[in-house]
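Sequence lines set the chain letters: A, B, ... in the order given, protein chains first and strands last, and positions in each chain run from 1.
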There are 2 protein chains.
Amino acid sequence: MDAPDLPINQVLEGDCIDVLQRLPAESIDLIFADPPYNLQLRRELWRPNLTLVDGVDDAWDQFGSFADYDAFTTAWLSACRRVLKRSGTLWVIGSYHNIYRVGARLQDLGFWILNDVVWIKSNPTPNFRGVRFTNAHETLVWAQKERGATYTFNHHAMRALNEDKQMRSDWMLPICTGRERLRVNGQKAHTTQKPEALLYRVLLASSNPGDVVLDPFFGTGTTGVVARRLNRRWIGIERDPKYAALARERIAASPPPGSAPGVYASHNPRRETRLPFGALLENNLLQPGDPLYFGEQSAICARVQADGSLEYNGQRGSIHKIARSLHPGPCNGWQLWFYEDAGSRERRPIDLLRQQLRDLLKSSDEGEK
Amino acid sequence: MDAPDLPINQVLEGDCIDVLQRLPAESIDLIFADPPYNLQLRRELWRPNLTLVDGVDDAWDQFGSFADYDAFTTAWLSACRRVLKRSGTLWVIGSYHNIYRVGARLQDLGFWILNDVVWIKSNPTPNFRGVRFTNAHETLVWAQKERGATYTFNHHAMRALNEDKQMRSDWMLPICTGRERLRVNGQKAHTTQKPEALLYRVLLASSNPGDVVLDPFFGTGTTGVVARRLNRRWIGIERDPKYAALARERIAASPPPGSAPGVYASHNPRRETRLPFGALLENNLLQPGDPLYFGEQSAICARVQADGSLEYNGQRGSIHKIARSLHPGPCNGWQLWFYEDAGSRERRPIDLLRQQLRDLLKSSDEGEK
DNA sequence: ACAAAACGTGAATCAAAAC
DNA sequence: GGTTTTGATTCACGTTTTG
């Protein structure tokens, strides 16, 4: 299933555009990219207390013009797109300096944006001069390889992570400081290290255990650390041998995934084994000829047929089909049809019977073991 | 000082590209633009409660391709740039559908981005299908006509509006609903009416009383209403005579300058720290698979899942939910579940970890000051 | 009259498995 | 791979209706 020559769980040294070209096509499930931001700082910045701000002035962040930056962007995005599976998705993080260039190029190349997400920093650097708004966020673009392909989004994992409400496109997370910040001789090892919490959410949302996650601008390896922790496989590409070495060291020292296999998989009702409506008859939860009501109150009453179809007003078909004929739009028959409980004479959705049957089958499964 | 033939406080009917060309060059202090977003909706969308979502399907939002949209964008941005004073600035609002196109074109034309700002919606439309993140924000780009020119930024006004702290680039404001939403025969008059609070902040930040504020996509005139209220002069351009008429009517009926602006000051509920259990995982204080014990002595042991839920005895749910299943009455999972301390092997309530994380976030907050 | 519950709605690129 | 069938999925507010 995997390409045989995929260099799993390794840091590859070199320019990502070159290295990507040597990887097999359509082999990667997820890409997270934190490219140079092209910051274009013009002068030193001093705080009001007369200390110097240690800004990003690395050589790797210098580009001559928008055109240069665009060419660079198109090159690495194309290379990424080639190695991505059809079902794969790509995340890019950036700020206003570069994200509009990146977003537009990415659309031009055929990527299809699924969301943009804003990382709201709980503790941003203030604007020392008071001449603009405090730059308190960065933007992440999440895109699929091509419009309409299926992709991974672990909706229920995101809900669980957000106290049982849908995860929104605004993520409030602190910047990477304190013990998490990698240091060498007391100096920060990399100027733009991202917090692990950010990668945790990205990987949990858009990949599954065992998936291959690639980071073309690996830096000091945050993506690798989190991938390992979440039981994903990873590939890092990094041009600077010093960063690559630091990343290897850091990942080796980071916590390995636990041994319990179940904990990493996200619950997904769409992947549960399907029970045809007829199974309720086969298992004696309904009888041929039983009435089903369309809603809790309504007088509309259909009859269950022996083969698991419904009959209403001369029509015959599945619970979904008959429901659709009674109501516009997409219909889930399991929730729309009600049976009458024998004891209480109350109407209950047939979805309840399905749940009972699922529990029944599950417990008999476990009894076999 | 003003160009003599500036049509002040008027709604000009026509395509903004044409109309702008008839205005004098370098005569405008501030532009706020809310262009079509180029949404590309494919089919009907139904809510889970079987009602139909009334999406944006207006003719003015239809473009054939990215190339068409880019040409349109370049045309109106160029026309705007011509009428802008050297000291002038431009705001554009958009979503991921269009904002990367707009941002890149704007940079190409020589505008210099000062900030981008995210409007975080306190009450966004949810994602009914559960297939993406809730689209909970829109993006505003704030740019000056050319790099290095002086521009207006009312730092102290922004501070005052934000409880004496620097105004950040994330603005949490409700969408336009209720009495503020303009209606005709009970139907919303315009599909994309913006809240006045948003314009209030924009105009207060980047213009001065008496300045001329232009809006090339005037719609139902929110920019005019707020400009009038803040004692700025305004020019609106609107293609649709129906919207133009509504705008004139609305502005005439709106409060004149001098009324108390208290209603526009917005409270920011985000500041109240909310820590979901999953944050302990995101911040590396717990790992997927870790055991949690129900009480200090008990043998009941649940497993932490990667998504921040607990698994016990086949059930899966939040720390509170699983606790409730083990104990009658209301349960505070934070105090009932215990982890085992790595060093001492002693059990400690997970509330301790929450406290640690709170302290951590707090100290990094204070470090900023 | 008042409180509680029900209802309506917003810039939305909104399905996926089985056959 | 295109077509058919099954069936998963929502949050914060403001307004209206019900009790």
Side-chain angles (χ1 to χ4, degrees), chain A residues 86-87 107 111-116 143-144 147-153 155-156 159 162-169 267-277 308 317-321 323-324 329-337 350-351 354, chain B residues 34-58 60-63 66 69 93-99 119 121-139 172 174-181 183 186-188 190-195 217 219 269:
Chain A
R86 247 195 114 228
S87 60
Q107 290 179 308
F111 284 103
W112 191 253
I113 298 180
L114 294 165
N115 278 115
D116 58 2
Q144 63 180 152
R147 183 179 193 178
T150 60
Y151 58 88
T152 298
F153 176 65
H155 171 64
H156 286 275
R159 259 188 93 105
N162 192 39
E163 296 184 319
D164 276 337
K165 284 184 297 185
Q166 278 197 344
M167 186 68 80
R168 303 167 30 124
S169 60
H267 169 62
N268 187 348
R270 289 184 171 107
R271 236 176 275 152
E272 272 185 35
T273 52
R274 294 192 172 199
L275 282 183
F277 175 69
S318 72
I319 50 172
H320 311 295
K321 193 172 163 188
R324 265 198 304 277
C331 285
N332 181 347
W334 290 104
Q335 289 167 1
L336 292 171
W337 292 105
I350 56 174
D351 206 25
R354 179 169 67 161
Chain B
D34 182 10
Y37 286 11
N38 190 26
L39 300 186
Q40 298 176 36
L41 309 179
R42 283 213 284 197
R43 59 179 82 165
E44 290 181 334
L45 178 62
W46 293 77
R47 295 189 178 83
N49 68 2
L50 304 183
T51 63
L52 189 62
V53 175
D54 181 21
V56 175
D57 57 357
D58 307 79
W60 48 255
D61 199 43
Q62 308 297 321
F63 293 84
F66 280 138
Y69 188 78
I93 184 168
S95 66
Y96 66 84
H97 311 86
N98 71 322
I99 199 65
W119 167 29
K121 302 178 183 183
S122 53
N123 50 345
T125 308
N127 186 294
F128 297 112
R129 296 287 182 183
V131 292
R132 302 185 181 189
F133 299 99
T134 303
N135 206 349
H137 73 278
E138 294 188 23
T139 301
M172 162 127 0
I175 62 176
C176 181
T177 58
R179 207 173 305 170
E180 192 188 320
R181 188 89 194 200
R183 284 168 206 284
Q187 300 293 317
K188 55 187 175 192
H190 196 285
T191 45
T192 69
Q193 186 180 341
K194 295 294 175 288
F217 305 97

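With sequence neighbours left out, A:W112 forms a ring-ring contact (aromatic ring centres under 6.0 Å, His included) with no residue at all. In terms of the side-chain contact (heavy atoms from CB on, under 4.5 Å) criterion, residue partners of B:N49 (sequence neighbours excluded) are, by chain and number, B:R47, B:T51. For the ring-ring contact (aromatic ring centres under 6.0 Å, His included) test, no residue two or more places apart in sequence or in another chain qualifies with B:H97. Applying the ring-ring contact (aromatic ring centres under 6.0 Å, His included) test to A:F153 and every residue at least two apart in sequence or in another chain returns A:W142, B:F133. A:R271 is linked by a side-chain contact (heavy atoms from CB on, under 4.5 Å) to A:N208, A:N268, counting only residues two or more places apart in sequence or in another chain. Residues satisfying the side-chain hydrogen bond (donor to acceptor under 3.5 Å, both in side chains) test with B:H190, not counting sequence neighbours, are B:T192.
Summarising the geometry, the separation between CD on B:Q62 and P on C:dA11 is reported as 17 Å, rounded to the nearest angstrom.
When the P atom is compared between C:dG8 and D:dT9, the two are found 24 Å apart, to the nearest whole Å. Across D:dT15 and C:dA11, the matching C1' atoms stand 23 Å from one another, rounded to whole Å. With both ends at atom P, the span from D:dA8 to C:dA12 equals 25 Å, rounded to whole Å. Nucleotides C:dG10 and C:dC14 have their C1' atoms positioned 15 Å apart, rounded to a whole Å.
Residue B:G178 is in sugar-phosphate contact alone, with no base atom involved, counting any heavy-atom pair closer than 4.0 Å across all strands shown. Looking at heavy-atom distances under 4.0 Å, A:L114 makes no contact with the nucleic acid at all.
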How does DNA chain D look in dot-bracket form if you count Watson-Crick and G-U pairs under 3.5 Å, write [ ] for pairs that cross, and put | where a base pairs with another strand?
.|||||....|||||||||

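Residue pairs that meet the salt bridge (Lys or Arg N to Asp or Glu O under 4.0 Å) test with at least one member in residues 121-137 of chain B, sequence neighbours left out, are B:K121-B:E138.
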Nucleic acid footprint by protein, nucleotides 7-13 of chain D - heavy-atom cut-off 4.0 Å, B for base, S for sugar-phosphate alone
BBBBBSS

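Within the 4.0 Å cut-off from OP1 or OP2 of D:dT15, not a single side-chain nitrogen or oxygen of B:R183 is found.
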